[in-house]
Amino acid sequence: MTTGAGQNGRAGASGRLRALLVEDEPLVALMIEDMLDDLGVEVARSVTTLADAMAAVETEIDFALLDINLKGERSFPAAEALRKRGKPFLFVTGYGTLGTHGTDFDVTVLQKPFTIADLRAALTRIIPDFG
Amino acid sequence: LRGVLDTPSLLRYLPKPSRGFWRGQAIAATGVAVASLLRLLMDPYVAGVPFITYFPATVVVSVWGGSLAGISTLVAGGAIAAFFWLTPGYTFLVSGNSIGALVAFFVLGSLMIFMVHLLHLAVAALTVAERRADILAREMRHRVANVITLVQSISRLTARGTDTKAYQALFEARLQALAKAQELAAATPDLPVDLSQLLTRVLEPFDLSRFDLNGGAASLPNGGGLMAALLFHELGTNSMKYGSLSAPDGRVSIEWQNDGRDIRLEWRERGGPAVTAPARTGFGSRLAQSIFPPGGGEVSMSYEAAGLRCTVRFPVSAGAAETVMLPAFG
């Protein structure tokens with residue numbers, strides 16, 4: 001296993017970026033996995049709850065995509081943990097930027113529904129050497 | 001002008017009654033003072049209208065200061081008018097024919113205060129209703145965005161490994177299943193979706209007479225109905241293509257039990273060709289694998305000589321229920 005994945009470093013034996021996906025809607029998660037695969041990203045973890053997300057944050061990942069609303073729970077604690085670990089992340093939400101309103105996160109928000117081009121652009125924003 | 005006056009937004013110009021008893025009383029005192037001053041100034045020009053300035057004062061004070069301030073204005077204004085301007089004047093001992101005027105003043109004034117009070121209540125109710133409508137509209141936008149994303153997901157996943165022609169039929173049929181589940185969920189937005197109703201609606205295109213549905217009362221959390229509908233639709237589609245429904249006498253029996261914690265459902269096909277596990281992971285398999293989070297329920301397929309047997313465990317206990325006002329995901 002590759003260790004010490006840097007802030008924006010490329011981990012994984014395959015040399016592909018490893019993503020953590022937090023999305024509670026199974027079909028939407030499958031779609032995002034599919035899109036990430038098309039973009040050459042490996043989905044290292046795909047979880048649906050905040051508790052699983054908190055655990056997955058500590059694993060070997062390079063960045064994360066977080067759905068904000070997880071069946072009534074907010075994914076902000078996972079975002080906080082990612083920030084502490086220095087891992088880039090972006091929010092994916094049906095609320096648009098409204099979803100982060102009232103929090104101190106100033107990060108990229110990808111509004112659903114989005115295209116693969118939107119996803120690529122958002123990833124380029126959080127990972128400067130992406131693509 | 002009529003249109004302008006009819007506009008509910010006009011009500012927004014109605015000042016909210018000031019909060020606090022003493023503030024209201026201060027407004028009442030000001031109102032009584034202004035009304036008395038005006039009455040004094042017009043005294044040389046009028047006769048027989050002792051209360052004329054106190055009526056508008058009561059209304060204006062009620063609007064700005066609330067009902068209690070209005071009552072104070074009515075009482076103080078009435079007393080002042082009775083003392084100075086009711087015959088015989090400069091005494092509270094009003095003469096017999098003035099008592100009627102005094103009583104009429106209090107009755108009419110009370111009515112005015114009451115009407116203004118009703119108006120305030122109406123405006124407050126309107127404000128609450130508007131806020132509610134705002135929240136609902138925002139929630140609806142969110143839900144629509146989610147459904148569009150879901151449709152996008154179905155499209156993308158359907159496009160995986162199918163040619164354009166097959167894609168269209170598959171995508172449209174899946175969209176149908178989604179629409180039916182959505183319709184069921186929308187009929188009773190706050191209630192869970194009844195399982196047997198859901199099955200009946202979703203399996204309709206596959207000829208219900210070939211299904212044996214058997215199970216007690218069971219309902220799925222509103223958000224969970226969509227995924228279940230898609231899953232049953234996939235099972236139906238696959239059965240038509242490869243399973244028991246592909247044979248003329250093949251049947252599908254669906255049985256379920258609800259023990260309060262879980263709903264256990266068994267989809268069993270009979271009378272069709274022998275089935276084998278698919279070599280390729282298609283939409284249905286991916287859906288079946290990901291429909292439930294780990295520990296949140298399960299789908300298992302068993303490809304038997306007699307036909308496919310699929311068992312589904314839906315959690316119905318705590319955690320499965322939506323906590324948001326309207327069922328939402330995303």
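Throughout, a chain's letter reflects where its sequence line sits, starting with A, and its residues are numbered from 1. If you're wondering where the values come from, they're calculated on a predicted model, not measured in any experiment.
Note: A/E25 CD to B/L226 CG = 7.0 Å, rounded to the nearest 0.5 Å. In this structure, CD1 on B/I148 lies 12.5 Å from NZ on A/K112, to the nearest 0.5 angstrom. In this structure, A/I32 CD1 and B/T149 OG1 are separated by 8.5 Å, a value rounded to the nearest 0.5 Å. Within the model, atoms OG of B/S153 and CE of A/M35 stand 7.5 Å from one another, a figure rounded to the nearest 0.5 Å.
B/R160 is not listed as a side-chain neighbour of A/L30, based on a closest heavy-atom distance of 4.5 Å or more. By the 4.5 Å heavy-atom criterion applied to side chains, B/R286 and A/D34 are counted as neighbours.
Other residues, nucleotides and ligands place no more than 12 heavy atoms under 6.0 Å from the CD atom of B/Q168. Remark: B/Y242 OH is loosely packed, at most 12 non-hydrogen atoms of other residues, nucleotides or ligands lying under 6.0 Å away. The environment of B/Q257 atom CD is sparse: at most 12 non-hydrogen atoms of other residues, nucleotides or ligands sit within 6.0 angstrom.
Interface remark: B/L157 contributes side-chain atoms only to the contact with chain A (heavy atom separation under 4.5 Å). Only the backbone of A/T115 has a heavy atom closer than 4.5 Å to any heavy atom of chain B. When heavy atoms are compared at a cutoff of 4.5 Å, A/I116 approaches chain B solely by way of its side chain, counted from C-beta outward.
Contact detail for B/A145 and A/P113: the closest heavy-atom pair is O-CD, 4.1 Å.
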| task | Evaluate side-chain contact (heavy atoms from CB on, under 4.5 Å) for B/R156 paired with A/D38, printing each intermediate quantity in order. | result | CA-CA 12 Å; B/R156 178 167 256 271; A/D38 282 357; 3.1 Å; yes
